[in-house]
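Right, one structure below, let's go through it.
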Amino acid sequence: MKTRFLVYIGIVGMLWACVTKENDRKQYKDLSENPDLTFEEPTRQIHLDFHTSELIDSIGFKFDKEQFQEALKLGKVNAINVFAKGHHSWSYYPTEIGMTHPKLDFDLLKAQIEACREIGVEVFAYFTVGWSANDAKNHPEWAVVRKDGSNKFRDQLKSLGPEDPFGGWEYLEPSGPYAELIYAQTEELIKNYDLDGIWYDIHQPESLNFNAWSLRDYAEKGIDTTDSLSVQLRTNEKYNEFFQKTGDIIKKHKPNVTIYYNGTTRTYNTENIELFKYGFFKYNTKHDLEDLPTAWGGYDIFPWRSKYFANTGKDIVAMSGKFHKAWGEFGGFKHKDALLYEAASMVAFGASANMGDQLHPSGEMDMATYENIGYAFDYVEKIEDYGIGADHVATTGLYIGEDLPAIEGAVAMLLEKQVNFNVVNTLQDWSNIEVLVVTSGGILKRDIPKLQEFVRQGGKVIAMGEGLFRNNKPIIDIGADFVGDANYDIDYTVVNETMSDGLVASPFLNYNAALRIRPKNGTAVLAAIREPFFSRAVAHYSSHNNTPNRLNDAEHPAVIRKGNIIYIAHDLDRQYSKEGARMHRDLFYNSLQLLRENPMMETEMPSMGRVNLLHQPEQQRYVAHLLYASPIQRGSVRVIEDLVPLYDIPVTIDVPQQISEAYLVPSGEMLPLQVVDGRLKLTVPVLECHTAVVLEYKTDPPKTE
């Protein structure tokens, strides 16, 4: 009996140990159960430049189908943009319309297409439009010239000595006889080659054209060439005609291929932002967002652009490059960890991933490049089902005005505080937006009624600078009247206790002084202004830099609130973009927090942490993406080098559905759920570069009668 009892106790002990051990063990979601998703746009793409001079012999002589295929396999590539016509005007196939590269003795385009087809890689054809050197050389009358008849490109050449590097291309507007050439080349390409799409490069509608053909066109249309707006509008008409005709030619032969016009989605300067209102991007069947963070815009430009263009209802593709700096850099390499971060960020913000490369004139693919890209794309392959093509969701909205520094500053302040937001310009329905941030760049006239209706329906607004003013009058009731522009070059802000979290009690400097407003009765003043004794100038100055503040508050305040509207009289977004003062960011964030009651996602990370919440209704899940890397400035380039892990990151989720389970991607690790005050609380144990929290829910099936 005693022996049996001891055996029994032993068995129970072993079972209890197993149970205890199992409880201590991490639980994992079997990700293999996840159904495969299909995307209209391939998920792992290459943009392969090949702008190759006629001065180089034996073009493509080392091209080898197997080596080309091996590179794509190593890179885990499922689509590639190869070259039909490059910036030197040469075509890389036998053409009866254009000019085949004189040092090419076979159909390189066809060989690449056939190589791709054999391994199931989709293939698009690159075609240059705006920069076409030999077309311009053979037809100088096609080149764009200024109103005075001068030519920017030729002026540049005059100042170059024989040893000076050359850094530009002559620009041609796709109109008149040059457009007719492109139409014929387009038809030749789409009829003769098995393509999945055509990618037209270099469109600059802001470059107003006064060459002989355009002057005749303006005269025929009765356009006054001294009226820049009339010339711009006619330029828009010419581009619309070009986009429409090339699209019609392609669709006539192959209605289902993709068409993209690069330049229609540019936002690298204020002129490009201005062009947004003309909507040239409507001709694209998808949007490829060319955001090389080491070349222009940095790492914060893609997040807001992804939201802007994803809300148009078309697939988006994020474009970066394998280069240390920018396009055209032979032998330049980003570290593979930087490519990993960039690729993960692309998926986190709902886009297919595209990495730029440049083929050597010999035609041989660089295997080191594809080893690095493959390192990043291997990760994309693991997470792409949980990001690409998903819906951006947020209760905080951002309206993009017509001023790039204001956009960049507002976006940086939101991203650095891990505020999950959506861009509302292209969002048809604002009903899910609780708080709308309006940049100091203002609101397009066509969207003013939509903003006014948003406010009437109880929507909350936080605005800065002149963003809510038209003709010195606010477009919604901010609880104050416009008095005038600033009296001085700078001023100072003093916050009250309502706004004081993380801020100093002393007056802090504004590098641009505020608009002067007069609050109405019932409007709360949240922060005051102290003006300087005078504006700094040669005739009157004090100390090394800005003039010190007066000791009394000015009559006009810095921050006011009336009901659901908070107005900040300074252009904090522009100032943050230029000066980067944390006081300005924290003042903006404190103002936002006074209005924001129902964020869908909250977390706490260092300022370079990035978050984005996506919704996949067909899969009945939300996906909360978290990223962390800290770019450093090295020379002229922002470099990502150290992927430092973060631990025990708190995440709060507030969505309409009841979440049934949460797990990490790509690890599949299950996360325990805790509901506090109606909101889901969970902890991400470790974040190294990127992870995503998948939040699944169940919906009741529809009732059947």
Side-chain angles (χ1 to χ4, degrees), residues 300 303 394-396 398 406 408-421 434-440 460-465 490-514 524-530 546 548-549 553-554 557-561 564-611 626-628 630 644 646-652 654 679 681 687:
D300 286 349
T395 53
T396 300
L398 175 65
E408 291 175 337
V411 168
M413 292 190 291
L414 290 167
L415 291 175
E416 290 173 15
K417 298 299 289 186
Q418 290 88 50
V419 176
N420 178 59
F421 67 94
E434 178 193 16
V435 183
L436 182 61
V437 177
V438 178
T439 69
S440 58
K460 304 172 185 178
V461 175
I462 178 170
M464 294 168 278
I490 55 95
D491 61 19
Y492 300 80
T493 295
V494 182
V495 298
N496 65 22
E497 290 185 3
T498 308
M499 304 281 292
S500 62
D501 188 26
L503 297 172
V504 297
S506 303
F508 56 84
L509 175 65
N510 300 296
Y511 299 91
N512 300 331
V525 174
L526 305 180
I529 285 176
R530 301 275 177 91
N546 47 288
N549 60 280
D553 292 346
V559 184
I560 60 173
R561 177 175 184 175
N564 286 339
I565 312 299
I566 289 182
Y567 173 68
I568 301 171
H570 294 92
D571 58 348
L572 293 186
D573 44 13
R574 289 194 191 104
Q575 294 190 57
Y576 195 67
S577 175
K578 182 180 179 182
E579 309 293 350
R582 179 171 172 175
M583 289 291 157
H584 294 158
R585 184 194 71 191
D586 291 351
L587 175 62
F588 165 79
Y589 182 70
N590 290 352
S591 302
L592 178 63
Q593 288 298 87
L594 290 177
L595 295 177
R596 198 168 67 131
E597 297 178 352
N598 301 303
M600 297 181 74
M601 177 183 181
E602 290 183 286
T603 187
E604 293 180 13
M605 287 194 284
S607 61
M608 291 312 296
R610 298 291 180 261
V611 301
L626 291 81
L627 295 139
Y628 184 75
S630 188
V644 179
L646 303 179
Y647 297 95
D648 298 327
I649 304 162
V651 177
T652 301
D654 188 3
R679 297 182 178 184
K681 304 275 187 178
L687 165 64

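This chain uses plain numbering: 1 for the first residue, then up along the sequence.
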So which heavy atom on L646 is nearest to which on P606, and how close?
CD1-CD, 3.7 Å
Flag, side chain of T395 to backbone of N598, donor-acceptor distance under 3.5 Å
yes
R679/E602 ion pair, N-O < 4.0 Å
yes
My understanding is that only residues two or more places apart in sequence, or in another chain, count here; which of them pass side chain to side chain donor-acceptor pair (under 3.5 Å) with Y589?
Q593
What pair of heavy atoms forms the shortest contact from T439 to A410, and how long is it?
CG2-CB, 3.9 Å
Minimal non-hydrogen separation, E497 against S500, with atom names:
O-OG, 3.0 Å
Please test I566 against I560 for side chain to side chain contact (heavy atoms under 4.5 Å, CB included), starting from the C-alpha separation and ending with a verdict.
CA-CA 6 Å; I566 289 182; I560 60 173; over 6 Å; no
How long is the gap from OG on S440 to CG on N512, to the nearest 0.5 Å?
9.0 Å
Does any part of the side chain of T498, heavy atoms only, come nearer than 4.5 Å to the side chain of N590, both counted from C-beta?
no
Please assess E416 against R610 for the test side chain to side chain contact (heavy atoms under 4.5 Å, CB included), listing each intermediate value before the final yes or no.
CA-CA 7 Å; E416 290 173 15; R610 298 291 180 261; 4.0 Å; yes
Report yes if the side chains of V559 and H570 come closer than 4.5 Å at any heavy-atom pair, otherwise no.
no
Check whether any side-chain heavy atom of L415 sits under 4.5 Å from a side-chain heavy atom of Q418, and report yes or no.
no
For P650, does its backbone N or O pair with a side-chain atom of T603 as donor and acceptor, under 3.5 Å?
yes
Do D573 and H584 have a side chain donor and acceptor closer than 3.5 Å?
no
What do you reckon, is CD of E604 surrounded by more than 12 foreign heavy atoms closer than 6.0 Å?
no
Distance-only, no hydrogens or angles: does the D300 side chain make a donor-acceptor pair with backbone N or O of E408 under 3.5 Å?
no
N/O donor-acceptor pair under 3.5 Å between Q575 side chain and A581 backbone
no
To the nearest 0.5 Å, how far apart are CE in M583 and OG in S506?
9.0 Å
Report the C-alpha distance between L626 and M601 in whole Å, list the side-chain angles of each, state the deciding distance to 0.1 Å, and finish with yes or no for side chain to side chain contact (heavy atoms under 4.5 Å, CB included).
CA-CA 11 Å; L626 291 81; M601 177 183 181; 4.1 Å; yes
Are there more than 12 heavy atoms of other residues, nucleotides or ligands under 6.0 Å from atom CG of D501?
no
Euclidean distance, M464 CE relative to Y567 OH, rounded to 0.5 Å
10.5 Å
How long is the gap from CG on D586 to OG on S591, to the nearest 0.5 Å?
10.5 Å
Can you find a pair of side-chain heavy atoms, one from L587 and one from L503, that are under 4.5 Å apart?
yes
Applying side chain to side chain contact (heavy atoms under 4.5 Å, CB included) to N510 and T493, what does each step give before you reach the verdict?
CA-CA 7 Å; N510 300 296; T493 295; 2.9 Å; yes
K460 side chain to L595 backbone, donor-acceptor under 3.5 Å
yes
Please determine, by modelled atom types, if D571 and Y511 share a side-chain donor-acceptor pair under 3.5 angstrom.
no
Minimal non-hydrogen separation, A514 against I529, with atom names
CB-CD1, 3.6 Å
For a 4.5 angstrom cut-off between non-hydrogen side-chain atoms, does L572 reach Y576?
no
Under 4.0 Å between a Lys/Arg side-chain N and an Asp/Glu carboxylate O for D553 and R530?
yes
If you define the side chain from C-beta out and look only at heavy atoms, does anything of S607 sit under 4.5 Å from R585?
yes
For P557 and A527, which heavy atoms make the closest approach, and how far apart are they?
CB-O, 3.6 Å
What's the spacing between N420 CG and T396 OG1 if we round to 0.5 Å?
7.5 Å
Within this structure, what is the CG-CD1 distance for the pair L592 and I462, rounded to the nearest 0.5 Å?
5.5 Å
Report yes if some heavy atom in the side chain of I490 is under 4.5 Å from a heavy atom in the side chain of L509; otherwise report no.
yes
Answer whether the closest heavy-atom distance between the side chains of V435 and E597 falls below 4.5 Å.
no
Please report the shortest heavy-atom distance between Y492 and P507, naming the atom on each side.
CB-CB, 3.8 Å
